[in-house]
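To keep things clear, I will list the structure first and then write my remarks on it.
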Amino acid sequence: MGKCITCGNEYDASFDVIKEGQTYTFDSFECAIARLAPSCEACGIRIIGHGLQSGQRYFCCDHCAERSGVTELKDRA
Ligand SMILES: [Zn+2]
Ligand SMILES: [Zn+2]
């Protein structure tokens, strides 16, 4: 039994995600994504796949990075 830190729901099938040494408890992937997934700087969608990172800037794809003037990034295979 764990309590979701995003929505506060207590759920018997909750799960933990460990990120940078911190443990987060969630009741659903939706809540985990809402809390942990970065947003694309260009289009604002949640980045659930690998995405692209340039310093502290995140992009969902090569195209969005280029639109924002970041040209050194390429989609990871
Ligand atoms: Zn939740
Ligand atoms: Zn994007």
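Every number for a ligand or one of its atoms is a count from 1 in the order of the listing. From a predicted model like this one, the values you see are computed outputs, not experimental measurements.
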Would the distance check show the side chain of Q53 and the main-chain N or O of G55 forming a donor-acceptor pair, the cut-off being under 3.5 Å?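 Such a contact is found between Q53 side chain and G55 backbone.
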Rounded to 10 degrees, what angle sits at the Zn ion (ligand 2) between C43 SG and C60 SG?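 With the Zn ion (ligand 2) as the vertex, SG (C43) and SG (C60) sit 110° apart.
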Tell me the angle that SG of C40 and SG of C64 form around the Zn ion (ligand 2), rounded to 10°.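 SG of C40, the Zn ion (ligand 2) and SG of C64 span an angle of about 110°.
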So that I can check it, does any N, O or S atom in C61 come closer than 2.8 Å to the Zn ion (ligand 2)?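 Of the N, O and S atoms in C61, none lies under 2.8 Å from the Zn ion (ligand 2), which means no.
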Give me the one residue out of L52, I48, I45 that meets side chain to side chain contact (heavy atoms under 4.5 Å, CB included) with C60.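 That would be I45; it is the only one of L52, I48, I45 passing the side chain to side chain contact (heavy atoms under 4.5 Å, CB included) with C60.
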Under the criterion side chain to side chain contact (heavy atoms under 4.5 Å, CB included), I'd like the reasoning laid out for L36 against K19: C-alpha separation, chi angles, the key distance, then a yes or no. CA-CA 9 Å; L36 296 178; K19 191 186 182 210; 4.1 Å; yes
Is I33 reachable from F26 through a run of I, L, V, M, F, W or Y residues, each pair having side-chain heavy atoms under 4.5 Å apart?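 Hydrophobic grouping puts F26 apart from I33.
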If two hydrophobic side chains count as joined below 4.5 Å and joins carry through other members, does V17 share a cluster with F29?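 Yes, it is one cluster - the side chains of V17 and F29 are joined through contacts under 4.5 Å.
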Short side-chain donor-acceptor distance under 3.5 Å, S14 and D27: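 The answer is no; no qualifying pair exists.
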I need the R35 CZ to C4 SG distance, nearest 0.5 Å.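 Taking CZ in R35 and SG in C4, the distance rounds to 9.0 Å.
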Could you pull out the N/O/S protein atoms under 2.8 Å of the Zn ion (ligand 1), ignoring any water?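 The answer, once waters are left aside, is C4 SG, C7 SG, D27 OD1, C31 SG.
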